[in-house]
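Report on the following structure.
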2 protein chains.
Amino acid sequence: MSAGSLRARVRAEMTEEIKATARRHLATDGANLSLRAVARDMGMVSSALYRYFPSRDALLTALILDAYNALGTAAEAGDTAVTDRTALRARWLSICHAVRAWALANPSEYALLFGSPVPEYHAPEATTAAASRTPLTLITVLKDSVDAGFSTPTDHLPPTVHADMARLRAGTAPGIPEELLARGSMGWIQLFGAVSFELFGQLNNVVEAREAYFEYQMRHVATTIGIPE
Amino acid sequence: MSAGSLRARVRAEMTEEIKATARRHLATDGANLSLRAVARDMGMVSSALYRYFPSRDALLTALILDAYNALGTAAEAGDTAVTDRTALRARWLSICHAVRAWALANPSEYALLFGSPVPEYHAPEATTAAASRTPLTLITVLKDSVDAGFSTPTDHLPPTVHADMARLRAGTAPGIPEELLARGSMGWIQLFGAVSFELFGQLNNVVEAREAYFEYQMRHVATTIGIPE
DNA sequence: TCTACTTGGAGAGCACTGCTCTTTCCCGAG
DNA sequence: CTCGGGAAAGAGCAGTGCTCTCCAAGTAGA
């Protein structure tokens, strides 16, 4: 059996190496990386690569899945890094900083996840689970905030938004009021917007104190959501 | 002289037609549209197209410039559509809705502006002026808010952020307190994040009431900035 | 009006791309 | 020890951005 799994192991290693090489190319060529160049880098011919990935899109899908999971892992690590689990504000901010740090360390992968959608490419269902890990980490803090008895916002939500939030809660986080979820989603959007603005060059020649301005924003968001100091 | 300008006029028309065709291709092929396909669509050979644009990047730059200006025009129109110039909240919200409407109507051009940066492509200086039209429109509302005597936020800004905002103010909007500019920039980021999330598919299967949730967010942002009802 | 010059279009060609198909080879299960 | 299947190689197809040469047509000066 060790012989039988050898083939499989080699194949798995090969697949990993292809992805690693592709990730390297991602940094310079973006989403339109070249299969042939990846193969060339590995000393193999391009057609051999099709034994591992049926198409370029399949390779991209694998990279996207890995990236979502890497970001999710980083976000969760940011959360658990705060040993005092009752320090909700610190946890929220730690997650935000973890997301930004991961994005700055892996800009091309972040762009693959949150940048312009690749034309003619449709993400398979499998990615959505990985994609929701990061927002779920944020929602966990909201849930702990509710359990700790902190007061929640009392916005008036339009009925349709209320329904959306109720549906979101049903799938993920029982017990969180719709109003809090709505504000939490806003915070997730602000986090994404801030990181994207910085990474995509929209802050150039405007804001130099990137870290400080990010911190300022996220503190403000945390306050808005109702996470006390 | 009418003969001399004929050539120029034909050339201008040709340039416009190329851009229009390219814009159409942008919708299906995204940023990696094909010069040859554009030429084919116009019944000409690809090399002829190089008489008008020295490279594919140059064509993209022209499209980007046009898109920034179109968005800026839409934003300004959203502002001036509010006849009561003292209705600052209405003006702010009208600008936000105009930006979203333009983005929904021109998704691929929006992606070109605010999506993943094109690898190896660096925007020339000329685009920055067009790019700032939309945020400047928002800042105008902030300025009118100050002039109207509305109270401004009293955040404590880190010194570096304070300096950034002072520099931003110096170039654009004298008289606006740094704290207000910082919050206004947050609002611009939230607007961008909300539109991008919706357009790039991040809201799929989560929020269905797109319009209503957007409105909710922007109202909240306006309140946060300190624009009274 | 005739000529000299500039300009725009056409076509061939180069190096590259994703992908398919066929051929070869070699590992490992029976 | 045989032989089936997985993996690699290579040729080939249609497409790409871009360059170069060639030619027709429009423009300006005498």
Side-chain angles (χ1 to χ4, degrees), chain A residues 1-64 112 118-122, chain B residues 1-64 112 118-122:
Chain A
M1 69 180 265
S2 79
S5 65
L6 185 144
R7 265 263 182 87
R9 210 193 56 208
V10 167
R11 183 177 176 85
E13 284 175 5
M14 203 69 183
T15 307
E16 272 319 303
E17 195 181 334
I18 292 172
K19 288 197 291 186
T21 313
R23 254 188 294 271
R24 231 178 306 124
H25 281 230
L26 207 60
T28 60
D29 296 338
N32 46 9
L33 56 83
S34 154
L35 267 190
R36 292 180 111 113
V38 170
R40 214 179 302 129
D41 249 32
M42 301 181 56
M44 61 197 304
V45 92
S46 73
S47 60
L49 221 146
Y50 283 82
R51 293 277 164 189
Y52 299 90
F53 295 96
S55 73
R56 218 194 57 137
D57 272 8
L59 214 194
L60 281 183
T61 300
L63 293 183
I64 289 175
L112 202 58
V118 178
E120 298 296 321
Y121 174 83
H122 285 288
Chain B
M1 71 183 262
S2 78
S5 67
L6 185 146
R7 258 250 256 265
R9 211 193 55 209
V10 168
R11 183 177 177 87
E13 283 173 7
M14 202 69 183
T15 307
E16 272 319 303
E17 195 181 333
I18 293 172
K19 286 197 291 185
T21 313
R23 255 188 293 270
R24 233 179 305 123
H25 282 230
L26 206 60
T28 60
D29 297 337
N32 44 10
L33 57 84
S34 154
L35 266 190
R36 291 179 110 111
V38 170
R40 213 180 300 129
D41 249 30
M42 301 181 57
M44 60 197 305
V45 92
S46 74
S47 59
L49 219 144
Y50 283 81
R51 298 278 172 189
Y52 299 89
F53 295 97
S55 72
R56 218 195 57 139
D57 273 8
L59 215 194
L60 282 182
T61 300
L63 293 183
I64 289 175
L112 203 57
V118 179
E120 298 297 321
Y121 174 82
H122 285 289

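Since this is a predicted model, take the numbers as computed values, not measurements. Every chain is numbered from 1 and lettered A, B, ... according to where its sequence line falls, protein lines coming before strand lines.
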Inset, instruction - For B/Met14 and C/dG8, give me the distance from atom CE to atom P, rounded to whole Å. - result: 10 Å
Inset, instruction - Indicate, with a heavy-atom threshold strictly under 4.0 Å, whether A/Arg56 touches base, sugar-phosphate, or nothing. - result: sugar-phosphate
Inset, instruction - Answer with base, sugar-phosphate or nothing: what part of the nucleic acid does B/Leu33 contact at a heavy-atom distance below 4.0 Å? - result: sugar-phosphate
Inset, instruction - With the side chain counted from C-beta on, respond yes when B/Thr61 and B/Phe53 share a heavy-atom pair under 4.5 Å apart, and no when they do not. - result: no
Legend entry - Closest to side chain of B/Ser47, choosing from D/dT16, D/dG12, C/dA10: C/dA10
Legend entry - Minimal non-hydrogen separation, B/Ala39 against B/Leu49, with atom names: CB-CD1, 3.6 Å
Legend entry - 4.5 Å side-chain heavy-atom contact, A/Met44 and A/Met14: yes
Inset, instruction - Check for a donor-acceptor pair, side chain of A/Arg56 on one end and backbone N or O of A/Leu33 on the other, with a separation under 3.5 Å. - result: yes
Legend entry - Protein-nucleotide distance (B/Asn32, atom CG; C/dT17, atom C1'), rounded to Å: 12 Å
Legend entry - Atom pair CG (B/Leu63) and NZ (B/Lys19), whose distance is rounded to the nearest 0.5 Å: 7.5 Å
Inset, instruction - Give the rounded distance in Å between these two atoms: CG of A/Leu49 and P of D/dA9. - result: 11 Å
Inset, instruction - For A/Met44 and C/dT24, give me the distance from atom CE to atom P, rounded to whole Å. - result: 20 Å
Legend entry - Integer-rounded Å distance: D/dA7 P and A/Glu13 CD: 13 Å
Legend entry - Distance test, side-chain N/O of A/Ser34 to OP1/OP2 of C/dG18, below 4.0 Å: yes
Inset, instruction - Send over the distance from A/Phe53 CZ to C/dC19 C1', rounded to a whole Å. - result: 16 Å
Inset, instruction - Just compare D/dA7, C/dT17, C/dA10 and give me whichever is closest to any side-chain atom of A/Arg36. - result: C/dT17
Inset, instruction - May I ask you to say what A/Ser55 touches in the nucleic acid, namely base, sugar-phosphate or nothing, with a heavy-atom cut-off under 4.0 Å? - result: sugar-phosphate
Legend entry - Phosphate OP1/OP2 of D/dA7: any A/Arg11 side-chain N/O under 4.0 Å: yes
Inset, instruction - Among C/dG18, D/dA8, C/dG9, find the nucleotide with the atom closest to the side chain of A/Tyr50. - result: C/dG18
Inset, instruction - Round to the nearest Å and state the distance from A/Arg51 atom CZ to C/dC26 atom P. - result: 16 Å
Legend entry - side-chain N/O B/Arg9 vs D/dG26 OP1/OP2, d < 4.0 Å: no
Inset, instruction - Ignoring backbone atoms, test whether B/Arg40 places a side-chain nitrogen or oxygen under 4.0 Å from the OP1 or OP2 oxygen of D/dT16. - result: yes
Inset, instruction - To the nearest Å, give me how far apart CD (A/Glu17) and P (D/dA7) are. - result: 15 Å
Inset, instruction - Remember a base hit wins even if backbone is also touched, and classify B/Tyr52 as base, sugar-phosphate or nothing at under 4.0 Å, heavy atoms. - result: sugar-phosphate
